[in-house]
Engineer: 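Quick one: structure below, then a few questions.
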Protein chains: 2
Amino acid sequence: MDDLSGPAGPLYQQVYDAVMARIVSGELAPGMMLPSEFDLAAQYAVSQGTARKALSKLELSGLVERHQGKGTFVATTTDETSLFHFFRLRQSDGAQVIPQLVSETVRKRPANAREAAALGLAARASVFEVMRVRSINDAVVCAEQSVLDVVKFPGLKDRGGLPNALYPLYQRSYGITIARADEQLRAVMVPEAVGGMLALADNTPVMEVERRAIGISGGVMEFRLSYYLTQNLHYAVSLR
Amino acid sequence: MDDLSGPAGPLYQQVYDAVMARIVSGELAPGMMLPSEFDLAAQYAVSQGTARKALSKLELSGLVERHQGKGTFVATTTDETSLFHFFRLRQSDGAQVIPQLVSETVRKRPANAREAAALGLAARASVFEVMRVRSINDAVVCAEQSVLDVVKFPGLKDRGGLPNALYPLYQRSYGITIARADEQLRAVMVPEAVGGMLALADNTPVMEVERRAIGISGGVMEFRLSYYLTQNLHYAVSLR
DNA sequence: TTGTGTTATTCTTATACAAGAGTTATTGCA
DNA sequence: TGCAATAACTCTTGTATAAGAATAACACAA
């Protein structure tokens with residue numbers, strides 16, 4: 001029977017925190033089944049209802065999935081959910097479109113000031129830069145530059161072809177789960193370097209998206225700068 | 001004691017639906033106090049815990065606010081929350097900025113095809129068009145065109161100056177609560193008409209935002225087309 | 001293969017008690 | 001009497017527990 005040392009609010013919150021810690025630490029890895037409500041209750045010396053409340057809260061935060069009759073499982077970010085959730089480009093009719101990879105380059109280089117600040121690294125620390133160009137219906141529609149701390153993602157450069165969705169890879173191969181992403185959007189003239197890659201005229205307006213992908217423990221795990229062509233597509237948001 | 005006719009899942013869900021209906025109908029208006037957990041339990045012949053679960057779910061959906069020792073109240077959309085939530089323009093440092101109204105015109109006209117479709121109206125039905133230009137730090141930053149069904153918002157044209165945030169007005173004066181808004185974003189060259197209003201050069205890239213504001217009953221209550229200048233500001237989103 | 005029981009899991013409901021907030025009554029004193 | 005401090009009470013939501021129902025998966029026999 002485990003102990004809930006430290007008076008930290010209600011019991012269910014303490015259980016929530018304890019299980020959360022076990023998920024963050026990797027002891028409970030994505031896809032694994034959690035102890036049942038009764039087991040958890042026994043472990044922390046609380047009632048099943050209290051354990052249940054903690055699990056419900058974890059489900060609400062998106063960290064676990066529950067299925068009646070089966071059990072509770074640590075959430076896994078699948079390619080589908082990851083793409084649907086974090087890739088916001090949609091067709092005019094609102095339909096989801098799956099972008100195809102056109103080109104990809106990975107290199108190691110020092111971070112610039114903005115990237116180092118975003119990732120919480122020292123100036124000019126080593127980072128991996130993943131540069132990708134994507135197309136939809138054979139039309140090139142976006143260029144993405146992802147920047148990652150080499151310490152957190154060792155050997156990324158030598159993996160060869162990366163999957164369409166990067167976040168499931170982060171989770172599977174590096175134990176890093178992306179919980180949310182904050183984005184800053186601007187309408188700008190396409191920068192020269194990007195215009196070359198996408199074969200655009202100089203005066204094309206594009207959407208610039210600056211993303212900070214944040215892990216479950218709260219730190220910025222990836223800094224991404226993207227350029228979207230929004231002639232036939234749009235970026236969809238739902239405010240609620 | 002009220003009856004929960006119609007077998008619709010668990011008891012707490014039936015209570016949730018019943019109370020929801022009372023809110024949508026206006027019987028429970030924004031700001032009003034709901035019956036206590038015990039009263040509600042008595043009304044629907046369930047236990048206090050079951051009524052409590054229904055209320056918690058309503059709170060989760062954002063329809064009510066609960067305060068220990070005080071009671072449960074139908075949520076009111078204040079100017080602050082409305083602005084913060086539905087106005088996504090932020091400064092580079094992420095700080096919220098309050099836009100000031102520069103000009104405003106309201107007129108009645110027939111809806112165009114796109115507006116009629118969005119609002120679920122017949123072609124060329126009468127609508128109010130609210131056209132507003134806003135500034136931040138004395139710099140003009142956006143033009144918004146809101147289109148509303150004249151039937152749902154009678155007398156809007158003759159109200160004189162409208163408040164900075166429209167949604168609290170919809171709620172207070174017309175009993176229409178906006179629950180969420182779906183937006184479609186595109187980077188475009190500023191249209192000529194808009195460029196004139198904002199005093200911009202022809203080739204300025206701006207962000208075009210097409211919004212459908214949706215009421216608690218699910219229908220589109222407002223169609224809005226906005227143009228944002230994103231030279232010194234950005235549109236902030238959090239994906240989770 | 002099909003059906004039936006068994007077991008393990010989450011889900012639903014009910015009850016009791018704790019804690020916060022506001023109102024009313026009472027007390028003490030000038 | 002007037003008034004303020006305070007105590008008691010009542011109404012509210014929050015927390016914890018327990019017991020039974022619903023669901024899913026599996027084993028095993030016909």
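All chains are named by letter (A, B, ...) in the order of the sequence lines, taking the proteins before the strands, and each is independently numbered beginning at 1.
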Engineer: Would you kindly say whether A:Gln13 and A:Lys57 are connected by a side-chain donor-acceptor distance under 3.5 Å?
Structural biologist: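 Checked: A:Gln13/A:Lys57 side chains pair up, N/O donor to acceptor below 3.5 Å.
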
Engineer: Of all the choices, C:dT10, D:dT12, C:dT13, which nucleotide is nearest to the side chain of A:Thr72 once you look at every atom?
Structural biologist: C:dT10

Engineer: For DNA chain D, whose closest nucleotide is more 5', that of B:Arg52 or that of B:Met33?
Structural biologist: B:Met33

Engineer: Measure the distance from NZ on A:Lys70 to P on C:dT7 and round it to the nearest whole Å.
Structural biologist: 22 Å

Engineer: Please determine if a side-chain N or O atom of B:Tyr12 lies less than 4.0 Å away from the OP1 or OP2 oxygen of C:dT13.
Structural biologist: no

Engineer: Under 3.5 Å, is there a donor-acceptor pair between the side chain of A:Thr81 and the main chain of A:Thr77?
Structural biologist: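 Flag not set: sc A:Thr81 to bb A:Thr77 has no pair under 3.5 Å.
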
Engineer: Just compare D:dA19, D:dT12, C:dT15 and give me whichever is closest to any side-chain atom of B:Asp39.
Structural biologist: D:dT12

Engineer: Among C:dT10, D:dT17, C:dT12, which is the nearest nucleotide to the side chain of A:Phe38?
Structural biologist: C:dT10

Engineer: Are the side chain of B:Asn164 and the backbone of B:Pro99 linked by a donor-acceptor contact shorter than 3.5 Å?
Structural biologist: yes

Engineer: Is any side-chain N or O of A:Gln68 under 3.5 Å from a base N or O of D:dA24, one able to act as donor and the other as acceptor?
Structural biologist: no

Engineer: Closest to the B:Thr50 side chain: D:dT13, C:dC11, C:dA14?
Structural biologist: C:dA14

Engineer: Looking at D:dT13, C:dT13, C:dT10, which one has an atom nearest to any side-chain atom of B:Arg66?
Structural biologist: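 Given the options D:dT13, C:dT13, C:dT10, the side chain of B:Arg66 is closest to D:dT13.
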
